[in-house]
Amino acid sequence: MSLDKHDDTENVDHGDVLNSPNYFGNVLSATMNRREVMRGGLSAAVTAGFGGSLLSACASDGPGSGPTVNVKSIARSKDDRVVIPSDYSAYVLFATGDLLNGAGGDKTLQTITGDEMASRAGDHHDGMYFYGLNAAGALDRSANDRGVIAINFENINQQFLHAAGPTADATTKARTVADEVVKEINAHGVGLVEVKKNASGKFEVVSGSTISRRVTPETPMRLAGPVAGSQWVKTKFSTDGSQSRGTLNNCAYGYTPWGTYLTCEENWAGYFDNASTATPGIEYSRYGIAKSQGGSYRWATAGADDRFARWQLNTVGADASADYRNEANTFGWVVEIDPVSGVAAPVKRTTFGRMAHECAYPSIITAGKKFAFYQGDDARFEYVYKFVPNKVWDAADAGGGYSAGDKYLNDGVLYVAKYNADGSGSWIPLVAGTGALTAANGFADQAEVLVKTRAAADAVGATKMDRPEWCSVDHGSGDVFITLTNNTSRTAAQVDAANPRASNAAGHILRMREAGSDPAATTFSWTIFVFGSAATNASSNLSELTAENDFASPDGIYNDARGLLWIQTDNGHTNEMGLLCNNQMLVTIPPSDFNTRPVIRRFLVGPAQCEITGIDMTPDGKTMFVNIQHPGEETAVADVNGTDGNVSKYASAWPYDRADATKAGTKAGRPRSATLVISKKDGGQIGV
Ligand code: FEO
Ligand code: CA
Ligand code: CA
Ligand code: CA
C-alpha cells in the first residue's frame, strides 16, 4: 500500500485488536465513523464486547482486514545507544551543529561561533514534517527520495554549547560573553533542511541546497489575525504591531493542506527578564511571567544591543514603541512557514490563540468541508483547543503558500474542550462578546481574547487537563489522539473523568471522536485510550502494561497514513519508569472499537537522558525520521570542560557512530541531539 501523506480522504482500514474494556468504559459515540459503516457496522465491536480478553501477544489479528503491526517488542534498555528491533537499521541524518548546506559534523560544538550557529542545525530537535520534492524542486507529496524536512529546534543543552558552560558574572549572574548568547539564541528556532537519497539509497543533507535555511529567534515575521496591529504587540521593533522578531521554544507542529509548516511556540515565557517590581497583567502572569524575574539563560543581560535588550520586559521608554514591555506578547503563537520559498517572512497566525503551544495538528481535510487544527497547551491544568477556519477547503489552493494561509488562517473560531463524565464533550467557542467573554470581564475584543487565551478558557469553564502535549488524527476514522503527559500536582479532590488520577506521574492518552466525524462539530465523544505506568507498579498499571510495553509520560504521537499509531515518551530519567528504561517509542493500531484497549509494542529505546520526539515517514512507508533530543541533558556544568577531558562524566556521549546509531562506544565528545533515519533491513515497509 502506498501512503499518500496528505490525502486524508483515503479510506484506510485498520486491523481490529483484541477487545477489552477501557478503565472507564465511556459510552460509545452514537455517531460511528464511515469506515465502520463500510465494514459492516458495529459487529466486530459488539461481538467482542466489553469484558473481552485482555492483552494478547499479537497486535494484529482481529477479524478486520488492513494493516497489522508486525513488530517484535524490544526489551527495556538503559544503554547509551539507540535500540531498535534487529531487522531494522538507524543512522544519523544531521545533528546539532551540523552545517545545513554542506558536510556535517566538521566542528566540535564548543568551537562553533554564535553567528555560525545560524546556518547550522540547532539544538533539541523536536516536531518535524517531511515535504517531498520532485526533480524540479517543487513540492510533490508522492516523492520518497528527496524532500525538505521542516524541523523544530526547541531548546538547548547550554552546558555543551560552550567550552566550559555559560560564562557569567559570579555575583550578578549577568552574561559576560555576548557571542555565547548569540550562539544560544541561534541554536533555537526552525530548520528547513533539504535531504536526498545518495547512490547507496541513504538519505543525506544536500550540499549547496538553495532551499535549506534556518529560521531563528531573530528572523523577522509578519503578525496576522486579530492581534496584528493591536496595542498588545507594539514594540520598539514594530511600532505599529505589524511584525515581530523570531520564533522560540518550538515544540510540536502541524501542517496545512496547501503545503506549509506550522511550528508552535511552547515554553517562551521563561526566557524573559522582567526587572519590573509591579505585578504584571494577566497576559503575562497567566503564562508564568512574574515580577522581578530573571530569564532562564539571562540573555537580556548580555549587553545594550537590541538583540539582547529585547529579552527585558521592564518599562524603560515613554511608551510601548520605545521599549520591549510587550515583547512577550509576540510569543506563544503558531507560526506558518513555507518550507520551499524563502522569500517571504514567516507569519504568526494569532487566530490559533496564545499558550504554551504544543501542536496545531490538522483534521482530515475534505474538499468543500470545514476542517480543524487540534492544539494542546502544555502546562499543568491547561486546556485542549481546536481552531476551525471559517472557509471550507478548496483543493485549488494546494500549493498556495502564505496567500492560502491568509485565506484560511486569519479568520475562524478558536474552541476549548470541556470533557463530561459520561464520555461526551463540547467545544466552547472563545469569541469576544459571547458568553463570559465580555468587555466587563476583561475581554474588550478578539485581540484581547487571543492574547489572554488561557484566561478566556478559564472564564468559560473548560476542563483543566494533565499537561496536553501532541495531538494526532487517524487518517481513516478522523479520531483525535491527545497525549496528557503527566500532572503530579493534581490532588484527589481535583480528579475528573478525563484526568482521573491524582498525582498523575505517568500520564495517559485520550481518544476523541467528533460528532458526525465532522472536524467543525461542537460536540464530541471521548475515551481514555491507555494509561502510562511502569508494569512494576500494580496500583498505577490500569492498562495492564508489561515489561514489553510499559511507558510513562507520552508526548509525541503520530498516526501514520496506513493506520499505525506511534507513541513517543518524555519521562524523567530518575523516576519510576526512567529507572527502568530510557525514553522510547512504541507502536500500536487503534482498535476500530472506540473503547477497546490497544495492544502496544515497544519499537525503539533512545540513548541515556534523551527524549524521543519528532517523527515522520516517506509516503512509501519505507523511511522513518525520528528525533533524539537532549541526550545527556542532566550532565553537570562543572563536569564539562573545554578539552572534553571530563567526558567520562558526561551522562551521554551519543552518537558514537553516525552510520550506526545503535552502537555504543567509548565516550569521546559531547552528545548531540539528532535526526535518525530508520529503515527495515530488507527494504520493506516499517512496522507492518
Ligand atoms: Fe516541548 Fe511539552 O514538550
Ligand atoms: Ca513535547
Ligand atoms: Ca514533554
Ligand atoms: Ca523537550
Side-chain angles (χ1 to χ4, degrees), residues 96 122-129 151-160 184 187-190 247-254 262-271 296-297 332 334 355-361 374-382 384-385 465-472 481-489 504-510 532 551-558 566-573 575 577-578 582-586 606-616 626-634 651-652 671-675:
T96 300
D123 206 351
H124 281 222
H125 301 41
D126 210 304
M128 67 178 160
Y129 191 86
I151 180 170
N152 296 339
F153 300 120
E154 183 189 30
N155 205 326
I156 54 174
N157 271 15
Q158 191 188 32
Q159 72 273 50
F160 291 125
E184 292 174 20
H188 286 73
V190 175
T247 187
L248 184 63
N249 207 266
N250 304 79
C251 195
Y253 76 110
L262 301 176
T263 183
C264 305
E265 299 174 338
E266 189 192 12
N267 291 313
W268 43 272
Y271 288 77
S296 40
Y297 302 125
V334 169
M355 60 195 77
H357 251 116
E358 262 299 328
C359 60
Y361 200 87
Y374 298 95
Q375 313 185 82
D377 180 359
D378 181 9
R380 291 168 179 158
F381 303 107
E382 294 303 336
V384 171
Y385 298 84
M465 310 298 287
D466 286 347
R467 295 187 53 197
E469 295 248 20
W470 289 37
C471 310
S472 184
F481 294 83
I482 297 174
T483 53
L484 299 167
T485 200
N486 58 61
N487 182 359
T488 51
S489 295
N504 180 10
H508 56 289
I509 300 174
L510 289 189
F551 70 93
S553 296
D555 189 334
I557 193 160
Y558 166 70
W566 303 82
I567 300 165
Q568 302 178 316
T569 72
D570 178 21
N571 57 258
H573 312 305
N575 61 17
M577 192 66 227
N582 295 337
N583 275 307
Q584 55 178 306
M585 184 168 78
L586 309 105
Q609 293 187 1
C610 80
E611 167 185 345
I612 307 297
T613 184
I615 175 172
D616 203 0
V626 170
N627 288 329
I628 304 296
Q629 187 187 81
H630 63 61
E633 66 168 342
E634 292 177 6
S652 169
R672 304 197 192 206
S673 295
T675 299

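Computed from heavy atoms alone, side chains included, the values below leave out hydrogens, waters and symmetry copies. Read the numbers this way: they start at 1 and go in the same order the structure lists the ligands and their atoms.
Closest N/O/S atom of Glu469 to the Ca ion (ligand 2): OE1.
Under the rule for a ring pair (Phe, Tyr, Trp, His ring centres under 6.0 Å), the partners of His124 that lie at least two apart in sequence or sit in another chain are His630. Applying the side-chain hydrogen bond (donor to acceptor under 3.5 Å, both in side chains) criterion to Asn583, with sequence neighbours excluded, gives Thr569. The side-chain hydrogen bond (donor to acceptor under 3.5 Å, both in side chains) check on Thr485 picks up nothing, with sequence neighbours excluded.
Of the candidates Asn486, Asn575, Asn504, Asp570, Ser553 forms a side-chain hydrogen bond (donor to acceptor under 3.5 Å, both in side chains) with just one, namely Asn486.
In summary, the side chains of Asp126 and Thr613 do present a donor paired with an acceptor at a separation below 3.5 Å, with no hydrogens or angles considered.
Excluding water, every protein N/O/S atom under 3.0 Å from the Ca ion (ligand 4) is given here by residue and atom: Glu154 OE1, Glu611 OE1, Gln629 OE1.
The six-membered or imidazole ring of Tyr253 lies near that of Trp470, with a centre-to-centre distance under 6.0 Å.
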